[in-house]
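On a predicted model such as this, the values are computed, not experimentally measured, just so you know. FYI, side chains are in, hydrogens and waters are out, and symmetry mates aren't considered; it's all heavy atoms of this structure. Position 1 is the first residue of the sequence; numbering continues from there.
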Amino acid sequence: MPKKSNSHPHSAEQKPDVTLAHDRDQTFPVVGVGASAGGLDAFTKLLKNLPADTGMAFVLVQHLDPKHVSLLPELLGRASSMPVAEITDGTRIEPNHVYVMPPNYSLALLHGVLHLMPRPDGLGKHLPIDDFLSSLAEDRNSNAIGVILSGTASDGTLGMKAIKFAGGITFAQSEDSAEYDGMPHSVISAGHVDFVLTPEEIGKELVRIARHPYLRPEETGPRGELVSGGGDNLNKIFVLLRSRTGNDFTYYKHSTIRRRIKRRMVLHQLEKIEDYVKYLQKQPGELDALFQDILINVTSFFRDPETFDALQQEVFPALIEKRSAEQPLRIWVPGCSTGEEVYSVAIALLEFLGDRASSFHIQIFASDIDDKAIDIARQGIYPESIRDVIAPGRLQRFFIKTPSGYQISKIIRDMCVFAVQSVVKDPPFSRLDLICCRNLMIYLGAVLQKKVLHTFHYALRPGRFLMLGTSETIGSFADLFATVDKKNKIYVKKSVASLPGYDFSILPHAPMSAADQANPARAPSALDIQHEAERLILTTYAPPGVIINQDLQILHFRGQTGPYIEPSPGSASLNLLKMARQDLVLELRSVVNQAIKERNKVRKEGVRIRNDGGYRMVNLQVLPLSEEGPAEPHYLVLFEPGSEALASAQPDAATPDATNLRIQALEQERLSSREYMQSIIEEQEATNEELQSANEEIQSANEELQSTNEELETAKEELQSTNEELSTINDEHENRNQELMSSNNDLANLLASVELAIVILSDDLRIRRFTPTAKALLNLIDADIGRPIGNIRPNVNILDLEKQVREVIDTMSAQSSEVQDRDGRCYTLSIRPYKTLDNRIEGVVMSFINIDSTKEAERIHRILQQERRLAAVVRDSSDAVTVQDFAGRILAWNRRAQEMYGYTEEEALQLNISVLTSQKNQEEMRDLIERLKRGEHIPPFKTTRITKDGREINVWLTVSVLLGESGNPTSLSTTEKEF
C-alpha cells in the first residue's frame, strides 16, 4: 500500500523529482521505422549507423507472417549497439533502446507505453505501420519521427502525414537504394517527407538531429526558449511571410506557428531564431516551405461520421423545407484544404436528396489560402488508400477509378467551385444556407475569431446554419448564433441588429480611442442637444436597470446600477445572476423566470437589501421588450427604490403648545410643498410627453435614415460579394479552360501520332473527328466534320455501315468485321460505343486496322506447315532417300539411308555419292547424270551400292530431277530400295 505524503520526512521533496523524471520520459524523441519486403537489410544498415547514446527510442514495425515466430530481434541485435527487444504488451519505452513489433498484432503508443492490439479481423487491409505512426504522432507530437524503408504497397503514407501535421520529422529511403520501392514511392509522392536518403544517411541524419537543442531540453532549458523569447523575430518572420505569400499570420495562434518554426530550424541545423530569420532572407524558397508547414492539410473524407449524420438529420431537412426550385442552395466551406471535406458535404447532400437532387440548384463554394491545395481539390484525384475510409457503395457511385487512384465524379465536381481566398481579409460569399468551417478556428487568435464569426453571421441567410469542428465553439458570441446541436457544434444564425459595414482588412493592434473618433470640426446640432436632454432626464428620473436576453446575459446598462449589481470575483461574466448582489439573487431569479415564462411584465415590491450597515427597500420590475423579426426575446429589468420604514417613536404628552403649532406648520408646509412638487411633476410630465413625442419623431426619422444607410451598406456588401463570386467562378472557368485545352492538345497529338484510321461519330451519325490516316482510306477532307457518314464515299467496301453503327449505339456492344479497300488491302473494322465519363452513349468510334501482314503471315504459315508434312514423309520413309547435286555432293540423307549404308547424316553430308557406287558402275552413273541434265526421263533400274563396311548390296533405284526457282535442273533426288 503506498505511503501517505506525510509518512516520510523527505517525501515532499522527492515527489517533484518523480514528476520531472516523468516529464523527461515524455520529451525524448521516439522514432517509428516501418518496412515490409526488403526491410531486414534496410533495418540493418540503419542500425549500424546509430550510436548507443542518441537519446532516442526506436520502434521497428514490419509486415510479418502471422503464423511464424519472428527472428527479427535476434538478427537486428547483432547489428545494433543498442539493446534490441521484442515488444510485450505494456512495455514502457526508454531512450537508447530498439523495440521490434511481434507478428500478428497491431501496435499503439499511449503516454510512453507500447500496447499490442489484436490484429483486425475481416478482409480489410492490415496496416500496422499506419496504425503505429498515427498513434505515435498523437502521443509525441513534435517529438515523433517517422522513417519509411523498403516495402511494397502504400502502408505508412497516412501515418507519415499525421506525424508531419503534429510537427514531427519524416524520412523515406531513396527509391534507387530500396529493394522494393513501393512504400517509399507512395509517401514521397504524397509530399509527406522531409528527407529522402539511403538507410546509412538516415542514421547519420538522426544522430545530427538528436544533438539539436530542440530535442535535448536538458542542455538548454525548456525548448520553447528557442522561439518564444524572440517576439520581435517572430514578427519579422510574419513580415517576410506576408511579403512572400500575401498572408498575415500575426493574429493566428502563435503556439502552432512556433512549433512549425522549431521544426524548420531542426531541419536546417539552426539553433537560434535570429539565425533562422537571416536564413529566410537569404533563401526565399524556405518561406514557401514554412508557409506549407503552417498550412499542413490534414483532412479526410467523412471525418467524424456522426457530424455528417447530424447534417442529414437536422440541417438538410430545414434547408430544403419550403424552398422554391428557383432559389439555389448555397454552401460555403472555408479552409477547405485539398477538398475532402467539400466533397464529403456534397456526397452527404446528394444522398439525402436522393431522386430529388435534380430539382435543386446546388452551389458549393470552397476556399483556402493554399493555392497548391486548391489545385488538388479542383482535380479531385485521391490515392487508393481512400478505400479504407469510404464505403464501397459510395466509392462506386461517386468516384471513378484512375491509374493514380480515384477521382470524384464530374457531377459532383461541377457543383463545387474552388477559389484561393482568405476568410479573414477577403470579402465573403453571401446569402448562404450553410457554412461548414471545421478545424480552422482553433488556429486563429481571439481577434481573428471575432472577425470571422461576424463575417459568417453576415454571410448567412436568417435562420441558416454554421457548423464548426468538435474542438471549436462560438465562445462569447451567443448573441450571434444559437446552439442547435451542442455535441456536433451546429449553430443557427440569430436575427440581431445589423452591424456596421464590414471592413475586410485585418483589425488594428488596438482599438481607436475616443479622441481619435471625435470630430471637433462638427458643431453640435439640435438633435445632439435633444439627445443630451433626454440623457439627463433618464439619468435623473428613470430607475436604473439593465437589458438582458433570454440567456440572462446583460446587453445594456441603464442608469446607476452600482447599488444593485457589481462585477463578481473570478472570470469576467455579464450574467445577471452572477453580477447581482447576494440579497437580490433569489428574488431576481424568481421575477425574471416568471417574466420569461409568461412573456409579461412582473413586479416585486419590498425587497430588502443591506446598505451601509443597515437595510434599504427596493422594488423589482421586469418588462418584456417587443422586437420585429424572428422571436429573440429581450427584457428590461428595473431597480426602483422602495419606501423606507419610519423610525417608531413614543408621543410626548408633555409637549408644549408651541411645539404642536410648529408641527402643524411644518405639516402645512409639507402639504404645500407636496402640492407644489405635484404641479412641477405634472408640468414635467407634460414636458416629458412633448419631449417624448419629439424624440419619437426624431427617432423615427433617424431609424429611416439608419435603415436607408443599412440598405446601402448591404447593397454595397452584396455587390462586393457578388463580384468576388464572379471573380471566383471566372478563375474556375479559366482553370477548366486550361484543362480542356491541355486535354484537346493531348488528344490531337495522340490521334496524329497513331498510324491507325480512326473516325469518331456522334449519336446522329455525323463525323466528329478523324485521324490523318483515315483521310486517304475513307476519302475524307477537313470540311467533312459535321457531315453524316452516309454522305461519304469511302475507298473501303463496307456493307450497311449506317446499320452497323446504329446497332452498336442501340445494343451498346462492339462489333468487328473484315473489309477490303479498292487496292485489295484487308482491314479489320472495329465499331465501339463512344462513352462519356458519366457512362452515357453519345456515338461510336470506328477504327481500321490493316491486316495484310497478318494475312501474308498466315499464308506463309500454311506453306511451312505443308513443307513440314513433306519433310516428315521423307524423313520417315521406308526407302532410302537422298539428294545430291550434279557434282555428286550429298545434300540430304534420311533415316533409312543411314540404316542401309551405315553412314550417319553428319558423315554422309561430307561425302560424294561416288563412295556408294561400285567401280564397275561409276561410268554408268556419270552417263545417267548427263542424261538427266538434258531432261531425259530415266525409268527405275537395278544397281549395286557399297556400304560403309564394304558390303555390296543390290538396290532398286529411282531418280528424279529437282528444279530451281528459275525452272532449271539443280539437283537429283534418289529413292533406293534394297532387294
Looking at every non-hydrogen atom in both residues, tell me the closest pair between [X] and [Y] and how far apart they are.
{"X": "Thr561", "Y": "Pro544", "result": "CG2-CB, 4.0 Å"}
{"X": "Pro563", "Y": "Ile609", "result": "O-CD1, 4.2 Å"}
{"X": "Leu444", "Y": "Gln449", "result": "O-NE2, 3.0 Å"}
{"X": "Met441", "Y": "Leu453", "result": "CE-CG, 3.7 Å"}
{"X": "Ala166", "Y": "Arg260", "result": "C-NH1, 3.7 Å"}
{"X": "Pro633", "Y": "Arg599", "result": "CG-NH1, 3.9 Å"}

Please examine the side chains of [Y] and [X], heavy atoms only from C-beta on, and report whether any two atoms are closer than 4.5 Å.
{"X": "Leu588", "Y": "Tyr564", "result": "no"}
{"X": "Cys436", "Y": "Trp332", "result": "no"}
{"X": "Ile490", "Y": "Leu466", "result": "no"}
{"X": "Asp304", "Y": "Glu306", "result": "yes"}
{"X": "Ile596", "Y": "Leu552", "result": "yes"}

If the threshold is 4.0 Å, N to carboxylate O, is there a salt bridge linking [X] and [Y]?
{"X": "Glu566", "Y": "Arg581", "result": "yes"}
{"X": "Arg461", "Y": "Asp433", "result": "yes"}
{"X": "Glu341", "Y": "Arg438", "result": "yes"}
{"X": "Arg603", "Y": "Glu640", "result": "yes"}

Does [X] reach the main-chain N or O of [Y] with its side chain, forming a donor-acceptor pair under 3.5 Å?
{"X": "Asn549", "Y": "Asp551", "answer": "yes"}
{"X": "Arg330", "Y": "Arg431", "answer": "yes"}
{"X": "Lys604", "Y": "Val622", "answer": "no"}
{"X": "Gln421", "Y": "Pro427", "answer": "yes"}
{"X": "His457", "Y": "Lys494", "answer": "yes"}
{"X": "Asp485", "Y": "Lys489", "answer": "no"}
{"X": "Lys493", "Y": "Leu460", "answer": "yes"}
{"X": "Glu472", "Y": "Ile442", "answer": "yes"}

- [ ] Step through it carefully: locate the ring centre of Tyr443, locate the ring centre of His254, and say whether they are under 6.0 Å apart.
- [x]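 Ring-ring flag for Tyr443/His254: false, centres at least 6.0 Å apart.
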
Open item on the list: Tell me if the aromatic rings of His454 and Phe477 count as close, with their centers under 6.0 Å from one another.
Closed with: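 Close enough - the centres of the two rings lie under 6.0 Å apart.
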
- [ ] Assess whether atom NZ of Lys578 is packed by more than 12 heavy atoms of other residues, nucleotides or ligands within 6.0 Å.
- [x]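 Atom NZ in Lys578 is not crowded, with 12 or fewer foreign heavy atoms closer than 6.0 Å.
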
- [ ] Tell me, yes or no, whether the heavy-atom count around Glu598 atom CD, taken from other residues, nucleotides or ligands under 6.0 Å, exceeds 12.
- [x]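 Count over threshold, so yes.
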
Task: Evaluation steps, side chain to side chain contact (heavy atoms under 4.5 Å, CB included), between Tyr635 and Val592 - done: CA-CA 9 Å; Tyr635 302 87; Val592 170; over 6 Å; no

Task: Verdict with reasoning, Val424 to Tyr251, per side chain to side chain contact (heavy atoms under 4.5 Å, CB included) - done: CA-CA 10 Å; Val424 299; Tyr251 294 96; over 6 Å; no

Task: side-chain hydrogen bond (donor to acceptor under 3.5 Å, both in side chains) evaluation trace for Asn575 with Ser573 - done: CA-CA 6 Å; Asn575 185 274; Ser573 173; 5.6 Å; no

Open item on the list: Applying side chain to side chain contact (heavy atoms under 4.5 Å, CB included) to Val345 and Phe308, what does each step give before you reach the verdict?
Closed with: CA-CA 8 Å; Val345 172; Phe308 290 92; 4.0 Å; yes

TODO: Apply side chain to side chain contact (heavy atoms under 4.5 Å, CB included) to the pair Val546 and Arg558, showing each step before the final yes or no.
DONE: CA-CA 6 Å; Val546 293; Arg558 302 288 297 182; over 6 Å; no

